[in-house]
**Student:** 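Pasting in a structure now, in structure tokens, and then I'll have a few things to ask.
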Amino acid sequence: IMDPIISVLELVGVLISAGAWLCSLATTLMSSWLTLSNLLVTETLGVGLWETCVLNQQGTLECRPYDSLLGLRPEIKLARILMCTALGVGMLGLLLAIPSLHLVNGCRQQLEDVSCKRALKATSGALWLVAGILGLIPVSYIAHVTVEQFFDESVPDMVPRWEFGDALFCGWTAGVLHLAAGMLLLISCFYVQKLNSNRPVDVPPVLTKLEPDSMRTRSEYV
């Protein structure tokens, strides 16, 4: 019988991973990685991975995609690659985690089935850790570059400076959730292995048969 704690860890990990993947998708599509609100009093400029948007005072949002890759900033190019890779790795881990749940085909408790589920679960947990790291790198790097440019003393104070957008905070949330989901699955794997190691091994009794000659010899002595 499977411990209910393992099922809870698996289910919570999958739900957290699904939320983390949605946050990563929103981070990739959002056009507010960086914001510039001091350009004009009535306008706010937002920069994303795929387009730039301008929000005016009337609430009208006008977006324009980038014309070419050559004019993009290096950190934007890096963020595109890493975020798309994080989305692919996170989705692969989610697809591997669903059949590894003990709630799926829970009536089967063969040794081969349990070991296969544990291998799938460990793989999906490792993939989620990788997805979390890949998602945290671009948002942290862009935040680091933005902070350096914001406190650059060589730039006059009257020049507008870029600030953090909502996409950065969404990306940090997605990365942390992916790491948490991966840790939950790996902890459940270690817990299953510990239970299996502490479980006594059932040894079938061995039936011994007496030879007819020995039975005859005993009867003669009697």
Side-chain angles (χ1 to χ4, degrees), residues 2-35 46-51 53 73 75-106 116-147 162-195:
M2 185 57 59
D3 196 322
I5 297 179
I6 299 176
S7 300
V8 172
L9 289 175
E10 294 173 349
L11 188 59
V12 172
V14 171
L15 293 178
I16 292 178
S17 176
W21 191 87
L22 292 177
C23 289
S24 297
L25 180 62
T27 303
T28 306
L29 299 178
M30 289 174 67
S31 59
S32 59
W33 280 63
L34 297 175
T35 59
V47 174
L49 300 183
W50 314 99
E51 60 185 5
C53 295
R73 300 164 58 177
E75 55 268 22
I76 297 296
K77 296 179 183 178
L78 178 64
R80 276 188 178 187
I81 298 173
L82 293 181
M83 289 305 299
C84 292
T85 306
L87 285 174
V89 174
M91 177 56 67
L92 180 60
L94 189 60
L95 293 177
L96 292 179
I98 293 176
S100 69
L101 296 177
H102 285 86
L103 297 178
V104 179
N105 292 334
C116 180
K117 284 180 178 292
R118 187 170 61 226
L120 288 176
K121 188 164 53 176
T123 304
S124 61
L127 289 176
W128 287 344
L129 293 179
V130 174
I133 295 173
L134 290 176
L136 288 175
I137 289 176
V139 292
S140 300
Y141 178 68
I142 289 181
H144 172 71
V145 173
T146 304
V147 170
W162 293 102
E163 299 177 357
F164 291 172
D166 296 335
L168 295 183
F169 299 100
C170 188
W172 278 318
T173 303
V176 172
L177 290 179
H178 262 138
L179 294 178
M183 290 300 298
L184 286 178
L185 277 197
L186 293 180
I187 289 174
S188 66
C189 288
F190 294 145
Y191 196 71
V192 170
Q193 186 177 3
K194 183 179 179 180
L195 288 180

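Computed from heavy atoms alone, side chains included, the values below leave out hydrogens, waters and symmetry copies.
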**Student:** Does Met183, at its CE atom, have more than 12 non-hydrogen atoms belonging to other residues, nucleotides or ligands within less than 6.0 Å?
**Tutor:** no
**Student:** Kindly give the heavy-atom pair with the smallest separation between Val14 and Ala97, and that separation in Å.
**Tutor:** CG2-CB, 4.1 Å
**Student:** How far does CD of Glu75 sit from CG of Leu49, to the nearest 0.5 angstrom?
**Tutor:** 11.0 Å
**Student:** Considering residues at least two apart in sequence or located in another chain, which fulfil the side-chain hydrogen bond (donor to acceptor under 3.5 Å, both in side chains) criterion with Trp162?
**Tutor:** none
**Student:** What heavy-atom pair brings Ser24 and Leu87 nearest, and what distance separates the two atoms?
**Tutor:** CB-CD2, 3.6 Å
**Student:** Please check this pair: side chain of Lys117 against backbone of Leu101, looking for a donor-acceptor N/O pair closer than 3.5 Å.
**Tutor:** yes
**Student:** Considering all heavy atoms of both residues, which atom of Thr27 and which atom of Trp33 are nearest to each other, and what is their separation?
**Tutor:** O-NE1, 2.8 Å
**Student:** Step by step, would you call Lys121 with Leu9 a side chain to side chain contact (heavy atoms under 4.5 Å, CB included)?
**Tutor:** CA-CA 11 Å; Lys121 188 164 53 176; Leu9 289 175; over 6 Å; no
**Student:** Rounded to the nearest 0.5 Å, how far apart are OG of Ser100 and CD of Glu10?
**Tutor:** 6.0 Å
**Student:** For Arg80, enumerate each residue passing the side-chain hydrogen bond (donor to acceptor under 3.5 Å, both in side chains) test, keeping only those at least two apart in sequence or located in another chain.
**Tutor:** none
**Student:** Can you tell me how far the CG atom of Leu120 sits from the CG atom of Leu95, to the nearest 0.5 Å?
**Tutor:** 11.5 Å
**Student:** Once you round to the nearest 0.5 Å, how far does SG of Cys189 lie from CG of Leu184?
**Tutor:** 11.0 Å
**Student:** Can you see which heavy atom on Ala79 is nearest to which on Ile142, and at what distance?
**Tutor:** CB-CD1, 4.0 Å
**Student:** I need the minimum non-hydrogen distance between Thr123 and Ala119, along with the two atoms involved.
**Tutor:** OG1-O, 2.8 Å
**Student:** CG of Leu127 to CG of Leu134: how many Å apart, nearest 0.5 Å?
**Tutor:** 10.5 Å
**Student:** Does any non-hydrogen side-chain atom of Ser124 lie less than 4.5 Å from one of Leu185?
**Tutor:** yes
**Student:** Looking only at non-hydrogen atoms, find the nearest pair between Ser188 and Ile6 and report the distance.
**Tutor:** CB-CG2, 4.3 Å
**Student:** List the atom pairs, with distances to 0.1 Å, where a side-chain N or O of residues 166-180 and a protein N or O form a donor-acceptor pair under 3.5 Å, not counting sequence neighbours.
**Tutor:**
unit_1: Trp172; atom_1: NE1; unit_2: Ser140; atom_2: OG; d: 3.2
unit_1: Thr173; atom_1: OG1; unit_2: Phe169; atom_2: O; d: 2.9

**Student:** Return the set of residues passing side-chain contact (heavy atoms from CB on, under 4.5 Å) with Leu78 (not counting sequence neighbours), or none when no residue passes.
**Tutor:** Leu82, Tyr141
**Student:** Give me each pair satisfying side-chain hydrogen bond (donor to acceptor under 3.5 Å, both in side chains) with a member in residues 14-23, each pair once, sequence neighbours excluded.
**Tutor:** Ser17-Trp128
**Student:** When rounded to the nearest 0.5 angstrom, what is the spacing between OG1 in Thr28 and CE in Met83?
**Tutor:** 3.5 Å
